[in-house]
Amino acid sequence: DMTSTRFETAGLHHEPVARRWLDRLTTVDRLAAVVVLVFAGLLTAAVAPGSFYGDDLPRMSEAAREGLTWDYLGSEVFGHLAPGYRLVFWLQVQIAPLHHGATALVTVLGQSAVVGGFWLLLRRLVGPRPGALVPLVVLAFTPISVPGILWWSSAVNLIPAQLAIITAMYAHLEVLRGRVRARFVV
């Protein structure tokens, strides 16, 4: 190929970004990725055969009746202001109304992002050490969070809250290490 030869002779040949990124992963990072993938598989097996229940159907019904207005987004949910919660239900009704598979996919992807983000936080705290896998495994496989994640109305609250906490902690560590850009995240 003429293009690759021209870049190689000019000293501009670079490995693909994905390859360089994979080469930097340690064995412990790869084990953490396995934990995330196994978690995602098990969560899929638990969420996929489920259905909507509890507050799911009334929230979807409200979202279907209402337009995307501040009156709808700003109305209370059991005494709480929850515009993000209402926005998720409104989007769900617009994109995939009463489609449990779509909500299961969002749940699995979101909670897998929580587990993966927790690994990044642990890695930032202690480095890619084998001992850091212990809290990762505890977070991923603790049965205490299962009921909340299986219930769509609860998962809509839990997943963003967990992601926000992990992101804030990571950003705080960056600020403490003198990384100025992280201040904008916090």
Side-chain angles (χ1 to χ4, degrees), residues 15-44 46-47 55 59 68 70 73-92 103-186:
E15 290 184 52
V17 173
R19 184 70 195 151
R20 286 181 285 163
W21 180 77
L22 286 172
D23 288 341
R24 286 187 290 184
L25 293 178
T26 66
T27 301
V28 179
D29 288 323
R30 293 171 199 274
L31 288 171
V34 169
V35 168
V36 173
L37 291 173
V38 169
F39 167 78
L42 291 173
L43 185 59
T44 299
V47 172
D55 296 338
R59 295 290 92 75
L68 188 59
W70 180 249
L73 293 175
S75 60
E76 56 91 20
V77 178
F78 298 116
H80 300 280
L81 178 64
Y85 177 83
R86 288 198 173 273
L87 177 62
V88 168
F89 276 97
W90 188 86
L91 289 170
Q92 176 201 357
T103 60
L105 177 64
V106 170
T107 299
V108 169
L109 292 176
Q111 195 61 25
S112 297
V114 167
V115 175
F118 188 61
W119 171 249
L120 295 176
L121 176 63
L122 289 169
R123 194 179 198 285
R124 176 59 69 196
L125 277 169
V126 299
R129 297 186 176 145
L133 292 171
V134 173
L136 180 70
V137 168
V138 169
L139 174 78
F141 301 110
T142 184
I144 199 164
S145 64
V146 173
I149 296 302
L150 295 181
W151 179 18
W152 177 236
S153 288
S154 178
V156 168
N157 283 314
L158 287 175
I159 293 169
Q162 292 174 90
L163 286 170
I165 291 166
I166 290 168
T167 302
M169 291 175 69
Y170 191 94
H172 183 67
L173 288 172
E174 293 298 293
V175 168
L176 291 176
R177 291 194 167 125
R179 297 205 165 71
V180 178
R181 284 190 215 166
R183 292 184 188 153
F184 295 110
V185 175
V186 176

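- The CG atom of Leu173 sits 12.0 Å away from atom CG of Leu120, with the distance rounded to the nearest 0.5 Å.
- Here the CG atom belonging to Leu42 is positioned 6.0 Å from the CZ atom belonging to Phe141, to the nearest 0.5 angstrom.
- Checked by atom type and distance alone, the side chain of Gln111 never pairs as donor or acceptor with a backbone atom of Thr107 at under 3.5 Å.
- Shown here are the side-chain hydrogen bond (donor to acceptor under 3.5 Å, both in side chains) partners of Ser75, two or more places apart in sequence or in another chain: Arg86.
- His172 NE2 to Thr167 OG1: the interatomic distance, rounded to the nearest 0.5 Å, is 14.5 Å.
- With rounding to the nearest 0.5 Å, the separation of CG in Leu163 from CG in Leu158 is 11.0 Å.
- Judged as a side-chain hydrogen bond (donor to acceptor under 3.5 Å, both in side chains), and not counting sequence neighbours, Asp55 has no contacts.
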Test side-chain contact (heavy atoms from CB on, under 4.5 Å) applied to Leu68 and Leu91, step by step: CA-CA 9 Å; Leu68 188 59; Leu91 289 170; 6.0 Å; no

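- Here the CZ atom belonging to Phe89 is positioned 9.0 Å from the OG1 atom belonging to Thr103, to the nearest 0.5 angstrom.
- Looking at Ile149 and Ile159, their side chains come closer than 4.5 Å, going by heavy atoms from C-beta outward.
- Proximity of Pro160 to Tyr85: side-chain heavy atoms (C-beta onward) are nowhere separated by under 4.5 Å.
- The CG atom of Asn157 sits 9.5 Å away from atom CH2 of Trp151, with the distance rounded to the nearest 0.5 Å.
- Residues passing the side-chain hydrogen bond (donor to acceptor under 3.5 Å, both in side chains) test with Arg124, sequence neighbours excluded: Tyr170, Glu174.
- Residue Leu133 forms a side-chain contact (heavy atoms from CB on, under 4.5 Å) with just one option from Val138, Leu122, Val28, and that option is Val28.
- The side-chain heavy atoms of Trp152 and Arg59, taken from C-beta on, include no pair separated by under 4.5 Å.
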